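So the structure is just underneath, and the comments pick up after that.
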There are 2 protein chains.
Amino acid sequence: MEYTVNKLAKMSGVSARTLRYYDEIGLLKPARVAASGYRFYRQTQVDMLQQVLFYKELGFSLEDIKKLLSAPDFDRQRAFEDHLAALQEKRERFETLILNVTKSLTALKGEITMSDQEKFEGFKQKLLNDNEQRYGDEIRTKYGDALVDETYAKLKGLTKEQYAKSERLRLEFEKTLKAAFDTEDPAGTLAQKACDLHKQWLLVFYPRYSKEYHLGLGEIYVADERFRANYDKIAPGCTEFLRDAINIYCR
Amino acid sequence: MEYTVNKLAKMSGVSARTLRYYDEIGLLKPARVAASGYRFYRQTQVDMLQQVLFYKELGFSLEDIKKLLSAPDFDRQRAFEDHLAALQEKRERFETLILNVTKSLTALKGEITMSDQEKFEGFKQKLLNDNEQRYGDEIRTKYGDALVDETYAKLKGLTKEQYAKSERLRLEFEKTLKAAFDTEDPAGTLAQKACDLHKQWLLVFYPRYSKEYHLGLGEIYVADERFRANYDKIAPGCTEFLRDAINIYCR
DNA sequence: CCTTGACTTTGACGTTACGTCATAGTTTAT
DNA sequence: ATAAACTATGACGTAACGTCAAAGTCAAGG
């Protein structure tokens with residue numbers, strides 16, 4: 001299967017001009033060039049373009065991408081694994097930004113106050129993230145952990161999408177809960193938001209959700225040491241706070 | 001509390017040069033300038049910078065941000081709400097990218113095969129998200145409209161052509177719906193014509209259309225205020241009218 | 001009061017990753 | 001055979017800063 005510039009452009013979402021530019025700077029040369037000068041791309045180039053786009057998404061300059069891809073020890077699998085870790089971190093940043101907006105909205109209503117620092121949470125991180133410092137070694141272990149979790153999820157009968165959703169919800173829930181705990185108000189907007197996220201999260205595992213179930217779980221969290229440890233990790237006393245918030249949420 | 005350039009820069013994560021540039025183009029002027037020429041920023045500017053960074057994160061050009069922020073009808077709360085929706089959209093894109101990497105890794109191991117199209121899932125969508133051209137002149141309202149579009153767009157990456165087609169359909173649909181609403185008859189020819197156009201439009205985003213889906217969507221339009229606002233904009237009460245018409249259309 | 005070092009100012013030019021023409025040749029469809 | 005659609009190569013334009021250089025400003029210590 002051969003692609004012309006426009007075909008490849010449309011499939012990948014970049015412009016034809018971009019492909020010409022990549023050819024010009026030697027980042028992605030076509031598989032062959034006809035006598036007419038027309039460019040033709042094949043499988044190798046399609047896969048390379050995918051790599052380029054991933055690296056670009058993660059904030060690498062084209063020059064650096066060129067170096068990376070043309071390195072003699074370039075390892076596709078390793079690259080994908082790095083992408084995965086980096087993308088997950090970027091997603092974390094979005095969680096932070098979303099929490100930032102949520103808090104800003106609450107602050108606008110006068111229910112909480114926000115420090116100036118807090119107003120930029122999620123933006124500052126970008127510095128660390130965008131720059132390529134992040135591509136270290138401990139990423140590998142992190143990826144390993146994710147794999148374990150995922151295997152575990154499979155045992156429980158979750159699809160990859162469900163697992164992704166549950167993780168996303170859990171992260172957002174924990175962040176919101178932490179912020180809510182600081183307000184010391186289990187009836188406040190943030191605490192109730194946290195409860196809602198908790199519900200969403202539960203729904204992934206137990207679609208037969210009910211208020212009674214949710215209330216019972218709140219009590220179990222407080223009563224059972226294993227759960228308690230998990231939520232007190234967020235902040236001491238957080239487990240009780242969550243239970244109180246759930247009690248209000250379920251009325 | 002007054003901030004000097006470097007103080008504000010460090011807190012927000014941008015560079016001092018950036019703040020000077022924003023001053024230069026009139027996007028963010030300091031609260032006061034000392035006789036020495038030193039810039040000093042205060043609360044208002046801090047909050048404005050936060051807005052700027054949110055809009056920037058979402059792919060707006062500085063010129064458009066300037067227009068948005070200086071508009072007489074700029075509404076901070078509304079802005080934050082828009083940010084929230086847009087950020088959640090972007091997060092969805094990351095989910096897609098993460099899934100893409102995961103699949104690519106599995107494909108590399110030979111466990112599954114991936115089509116070339118699939119290799120670019122999550123990148124193509126970016127077009128819709130980043131590109132502001134389609135926002136036209138009245139960015140404000142369009143930004144709201146895009147919210148709805150993108151809710152569907154996330155289901156499938158759209159090419160520029162597909163998007164153009166969907167826009168044509170949407171415009172014709174809205175015109176027909178308006179005319180139908182004036183007849184006050186959800187079972188009438190015009191209303192049913194509108195439903196048909198609505199279906200055509202949906203098909204662009206969601207080819208696996210079903211009557212159940214269409215019916216459910218009618219209810220969601222009424223229930224979700226973001227959608228409701230969008231259709232009530234055509235005429236007050238239009239959302240319910242559309243739902244009723246869809247109910248008849250799908251029998 | 002003076003010095004020193006950290007901070008700030010205004011230019012001015014450079015850079016990245018393309019967008020946007022214009023002009024001209026090529027391929028495909030009817 | 002001819003139009004319609006596609007592609008090529010310049011060449012210039014751009015957005016949002018980065019990166020100097022040269023010079024003025026401020027806060028603290030001696």
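Chain naming here is simple, since letters A, B, ... match the order of the sequence lines and numbering starts at 1 in each. What you are looking at is a predicted structure, and each value in this text was computed from that prediction instead of being measured.
Distances shown here put a side-chain N or O of B:T4 below 4.0 Å from the OP1 or OP2 atom of C:dT8. Under 4.0 angstrom from either OP1 or OP2 of C:dG19 there lies at least one side-chain N or O belonging to A:S15. Considering only side-chain N and O atoms, B:S36 lies nowhere under 4.0 angstrom from the phosphate OP1 or OP2 of C:dT8. Taking side-chain N and O atoms only, A:T18 has a distance below 4.0 Å to OP1 or OP2 of C:dG19. Neither OP1 nor OP2 of D:dG18 sits under 4.0 Å from any side-chain N or O of B:Y21.
Here the C1' atom of nucleotide D:dC26 and the NZ atom of B:K7 are 12 Å apart, to the nearest Å. The distance from atom NZ of B:K67 to atom C1' of D:dA15 is 14 Å, rounded to the nearest whole Å. A straight line from CG of A:L19 to P of D:dT7 spans 11 Å, rounded to a whole angstrom. Between the CD atom of B:E2 and the P atom of C:dT8 there is a distance of 13 Å, rounded to whole Å. Between A:E24 atom CD and D:dC12 atom P there is a gap of 14 Å when expressed in whole angstrom units. Here the P atom of nucleotide D:dA16 and the CG atom of B:D64 are 9 Å apart, to the nearest Å. Look at CZ on B:F40: it is 10 Å from C1' on D:dC26, rounded to the nearest Å. Straight-line distance from the CG atom of A:L53 to the P atom of C:dC18: 9 Å, rounded to whole Å.
Listed candidates were D:dA16, D:dT25, C:dT10. Nearest to the side chain of B:R20 is C:dT10. The side chain of A:Y38 approaches C:dT26 more closely than any other nucleotide in the set C:dT26, C:dT9, D:dA16. Closest contact between the side chain of A:N6 and the listed nucleotides D:dA8, C:dT9, D:dT7 involves D:dT7. Closest contact between the side chain of B:K56 and the listed nucleotides D:dC17, D:dC26, D:dT7 involves D:dC17.
Geometrically, B:R91 does not engage A:F94 in a cation-pi contact, judged by NZ or CZ lying under 6.0 Å from the ring centre and within 45° of the ring axis.
Side-chain polar atoms of B:Q51 and B:H83 form a donor-acceptor pair below 3.5 angstrom. Under the 3.5 Å distance criterion, with hydrogens and angles disregarded, a donor-acceptor pair is assigned to the side chains of A:S104 and A:N100.
Residue B:Y22 is classed as a sugar-phosphate contact, given heavy-atom separations below 4.0 Å to backbone atoms only.
To the nearest 0.5 Å, atoms CE (B:M1) and OH (B:Y41) are separated by 14.5 Å. Rounding to the nearest 0.5 Å places CD of B:E63 at 11.0 Å from CG of B:L27.
Heavy-atom distances to DNA chain C give each of B:R39 and B:K10 a nearest nucleotide, and the one nearer the 5′ end belongs to B:K10.
Below the 3.5 angstrom threshold, one finds a donor paired with an acceptor across the side chain of B:R17 and the base of D:dT19.
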